[in-house]
Amino acid sequence: MKLAMIGFGQAGGKIVDKFVEYDAQTGSQIVRAAVAVNSAKADLMGLTNIPKDQRVLIGQSRVKGHGVGADNELGAEIAEEDIDEVQGAIDGIPVHEVDAFLVCAGLGGGTGSGGAPVLAKHLKRIYTEPVYGLGVLPGSDEGGIYTLNAARSFQTFVREVDNLLVFDNDSWRKTGESVQGGYDEINEEIVKRFGILFGAGEVQAGQEIAESVVDSSEIINTLAGGGVSTVGYAEEEVEEQSSGGLLSRLRGGGEEDDLDTAHTTNRITSLVRKAALGRLTLPCEIEGAERALLVMAGPSQYLNRKGIERGRKWLEEQTGSMEVRGGDYPLKGRGIVASVILLSGVTNVPRIKELQQVAIEAQDNLEDIRSQSETNLHELVNDDEDELESLF
Ligand SMILES: Nc1nc2c(ncn2[C@@H]2O[C@H](COP(=O)(O)OP(=O)(O)OP(=O)(O)O)[C@@H](O)[C@H]2O)c(=O)[nH]1
């Protein structure tokens with residue numbers, strides 16, 4: 001499916017930048033247009049793949065190109081004030097050629113956290129195409145203010161988008177890694193998962209015809225209905241054979257043929273389980289997910305309808321959902337068979353409840369500190385008996 005991607009803030013910009021790189025490397029053609037919006041000039045200059053004329057600096061009169069310093073209320077305000085400048089960049093997008101918008105942002109900071117929901121609301125008012133969000137939750141070690149920002153932004157962003165796809169930095173960070181190196185790896189994980197998912201609806205000319213190919217409308221229907229989504233992923237390396245070799249073996253028929261089919265089917269069902277029960281972009285209980293989509297990607301000789309059907313049925317049982325779609329995505333040249341599972345409308349998410357709890361504590365703390373601040377400063381600056389006088 002073809003997307004117009006808008007990265008808001010530093011994390012959002014870097015993720016979209018990575019999507020553009022992925023698109024060029026794999027030819028998956030999911031990024032029809034890419035825009036970066038930020039209040040920090042340096043962050044925009046640090047991008048590599050998004051065209052320079054598609055990078056929009058907002059809030060110059062307020063923050064002089066230096067960012068909003070994790071103040072997401074200010075981030076929301078300047079996004080509203082400068083929405084026409086953002087729209088100016090979006091005007092350059094051939095919207096009739098895109099299936100949906102994807103607004104990406106880290107929810108813990110200021111610019112993206114505050115600005116992304118404002119932009120989503122604006123896009124939904126103007127366009128009929130669905131507007132999805134890709135929201136990144138901060139690590140739990142980032143501190144109270146980031147958690148509070150994320151909890152407030154999450155609440156607003158979910159309301160303003162047609163569906164919020166969530167990625168939780170907390171469950172992906174590795175110890176002993178530099179923050180930057182860590183983010184590079186994390187961003188690759190994000191782009192791989194969402195790249196295959198959205199790429200599934202985009203069959204290119206010359207690609208092998210799949211048995212039951214996933215179409216953009218299936219992704220859109222799985223996301224329709226709103227709420228929060230998470231994505232599971234698992235892959236296995238396979239040897240890519242030329243189709244001629246395999247076909248001639250298949251034509252030979254016999255036991256080897258049955259073995260191949262059984263092996264292919266089993267590989268698919270085990271990859272489906274691994275993807276659903278392994279690390280999700282947002283960890284949650286999969287039971288109760290309202291809708292799901294299973295995409296099996298790989299060389300078409302490693303995909304079969306039986307395996308996908310079994311995987312789909314298993315997902316139906318595990319989620320209890322009646323709306324589980326499934327299909328394949330022929331993907332040559334990567335030497336893998338991969339299973340991507342989109343779980344949409346998830347509601348049993350302990351991580352969000354925990355985030356909200358920490359956010360409320362941080363909010364109460366901040367209020368206490370603010371309310372005492374004037375008294376404390378007065379006590380510090382003035383002597384006990386008020387014997388000293390200020391100069392003027
Ligand atoms: N996955 C991922 N997360 C990131 C990356 N950079 C920052 N983050 C996360 O995103 C959150 C927000 O940070 P930024 O995007 O840098 O903030 P901003 O929107 O530019 O806002 P200000 O810097 O406050 O103006 C942080 O709390 C991190 O958790 C990145 O490259 N990848």
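All residue numbers refer to positions in the sequence shown, counting from 1.
Summarising the local packing, CD of Q155 is surrounded by 12 or fewer heavy atoms from other residues, nucleotides or ligands at distances under 6.0 Å. Other residues, nucleotides and ligands contribute only 12 or fewer heavy atoms inside 6.0 Å of the CD atom of E374. Within 6.0 Å of NZ in K124 there are more than 12 heavy atoms belonging to other residues, nucleotides or ligands.
Of the possible polar contacts, one joining the D99 side chain to the K2 backbone as a donor-acceptor pair under 3.5 Å is found. For the pair D170 (side chain) and S140 (backbone), a donor-acceptor distance under 3.5 Å is present. Within the 3.5 Å criterion, the main-chain N or O of G335 finds a donor-acceptor partner in the side chain of E240. A donor-acceptor contact shorter than 3.5 Å is absent between the side chain of N169 and the backbone of G139. For R193 (side chain) and V340 (main-chain N/O), no donor-acceptor pair under 3.5 Å exists by modelled atom type. Panel note: side chain R305, backbone S212; no donor-acceptor pair is recorded below 3.5 Å. Side chain of D17 to main chain of L47: no donor-acceptor pair is present (N/O by atom type, distance under 3.5 Å, no hydrogens or angles). Using modelled atom types, one side-chain atom of D71 and one backbone atom of E73 make a donor-acceptor pair closer than 3.5 Å. Looking at T281, its side chain never comes within 3.5 Å of a backbone N or O of F167 through a donor-acceptor pair. In this structure, N49 contributes its side chain and V20 its backbone to no donor-acceptor pair below 3.5 Å.
No option in V337, L331, N304 other than V337 meets the side-chain contact (heavy atoms from CB on, under 4.5 Å) test with M296. For the side-chain contact (heavy atoms from CB on, under 4.5 Å) with V228, the lone residue among L343, N163, V166 that qualifies is V166. Here the options are I15, L165, V231, the test is side-chain contact (heavy atoms from CB on, under 4.5 Å), and the partner is I190; only I15 passes.
The existence of a salt bridge linking E317 and K313 is excluded, since no basic side-chain nitrogen approaches an acidic carboxylate oxygen closer than 4.0 Å. A salt bridge does not link K192 with E188: none of the charged nitrogens is closer than 4.0 Å to a carboxylate oxygen. For K306 and E309, the salt-bridge test fails: no basic side-chain N is under 4.0 Å from an acidic carboxylate O. Using a 4.0 Å cut-off between charged side-chain N and carboxylate O, R334 and E235 make no salt bridge.
Atom CG of L44 is separated from atom CG of N38 by 5.0 Å, given to the nearest 0.5 angstrom. To the nearest 0.5 Å, atom CD of residue Q318 and atom CD1 of residue I341 are 10.0 Å apart. Distance CG/L380 to OG1/T375: 12.5 Å, rounded to 0.5 Å. Rounding to the nearest 0.5 Å places NZ of K332 at 9.0 Å from CD of Q301. With values rounded to the nearest 0.5 angstrom, I30 atom CD1 is found 11.0 Å from F194 atom CZ. Remark: Q29 CD to M1 CE distance equals 14.5 Å, nearest 0.5 Å.
Residues E361 and N365 bring no donor and acceptor atom of their side chains to less than 3.5 Å of each other. No side-chain donor-acceptor contact under 3.5 Å links N149 and S113. A donor and an acceptor atom, one from each side chain of S153 and N72, are nowhere located under 3.5 Å apart.
You'll find the side chain of V118 stays beyond 4.5 Å of the side chain of H122, heavy atoms only. No side-chain heavy atom of F19 sits under 4.5 Å from any side-chain heavy atom of L3. Residues R312 and L315 are not in side-chain contact: their nearest non-hydrogen atoms beyond the backbone lie 4.5 Å or more apart. At least one side-chain heavy atom of L294 sits less than 4.5 Å from a side-chain heavy atom of S339. The shortest distance between side-chain heavy atoms of L119 and I83 falls below 4.5 Å. Within the 4.5 Å cutoff, side-chain heavy atoms of D168 are placed close to those of P283. With a 4.5 Å cut-off on side-chain heavy atoms, Y329 and V214 do not count as touching. The closest side-chain heavy-atom distance from Q10 to T111 is not below 4.5 Å.
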*Which is it for F101 and V35 under the side chain to side chain contact (heavy atoms under 4.5 Å, CB included) test, yes or no, and what are the steps along the way?*
CA-CA 11 Å; F101 290 93; V35 175; over 6 Å; no
*side chain to side chain contact (heavy atoms under 4.5 Å, CB included) between I6 and L123, intermediate numbers included*: CA-CA 11 Å; I6 301 136; L123 292 173; 3.9 Å; yes
*asked:* Between L342 and S229, does the side chain to side chain contact (heavy atoms under 4.5 Å, CB included) criterion hold? Intermediate values first, please.
replied: CA-CA 7 Å; L342 168 64; S229 290; 3.9 Å; yes
_With side chain to side chain contact (heavy atoms under 4.5 Å, CB included) as the criterion, how do Y127 and V95 come out once you've worked through the C-alpha distance, each side chain's angles and the decisive distance to 0.1 Å?_
CA-CA 9 Å; Y127 300 103; V95 174; 3.7 Å; yes
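A parallel orientation is assigned to the rings of Y132 and F198, their planes being inclined by less than 30° (bins at 30° and 60°).
Here the closest heavy-atom approach between residue A338 and residue I196 is recorded as CB-CD1, 4.3 Å. Nearest heavy-atom pair across R62 and L74 is NH2-CD1, 3.3 Å. Taking all atoms of both residues into account, the shortest heavy-atom contact from L164 to G135 is CD1-N, 3.8 Å. The nearest pair of heavy atoms linking F157 to A120 is CE1-CB, 4.0 Å. Across all their heavy atoms, G311 and V272 have their closest contact at O-CG1, 3.8 Å. Closest heavy-atom contact between L57 and K41: CD1-N, 3.7 Å.
Linking ILVMFWY side-chain heavy atoms closer than 4.5 Å, directly or via other members, places V346 and W314 in a single hydrophobic cluster. Residues L148 and I360 do not share a hydrophobic cluster, clusters being chains of Ile/Leu/Val/Met/Phe/Trp/Tyr side chains in contact below 4.5 Å. Criterion: ILVMFWY side-chain heavy atoms under 4.5 Å apart, direct or through other members. Under it, V136 and V358 are not part of a common hydrophobic cluster. I126 and V161 fall within a single hydrophobic cluster, where Ile, Leu, Val, Met, Phe, Trp and Tyr side chains are chained together by heavy-atom contacts under 4.5 Å. Placement of V63 and I145 in two distinct hydrophobic clusters is found when ILVMFWY residues are connected by side-chain heavy-atom separations under 4.5 Å, directly or transitively.
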Anything under 3.5 Å between a donor and an acceptor, one on a side chain of residues 218-226, the other on a protein residue two or more places apart or in another chain? List them.
{"residue": "E218", "atom": "OE1", "partner": "D215", "partner atom": "N", "Å": "3.0"}
{"residue": "N221", "atom": "ND2", "partner": "S217", "partner atom": "O", "Å": "3.2"}
{"residue": "T222", "atom": "OG1", "partner": "E218", "partner atom": "O", "Å": "2.6"}

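Listed by first and then second residue, the salt bridge (charged side-chain N to carboxylate O under 4.0 Å, His left out) pairs that reach into residues 267-295 are E236-R267, sequence neighbours excluded.
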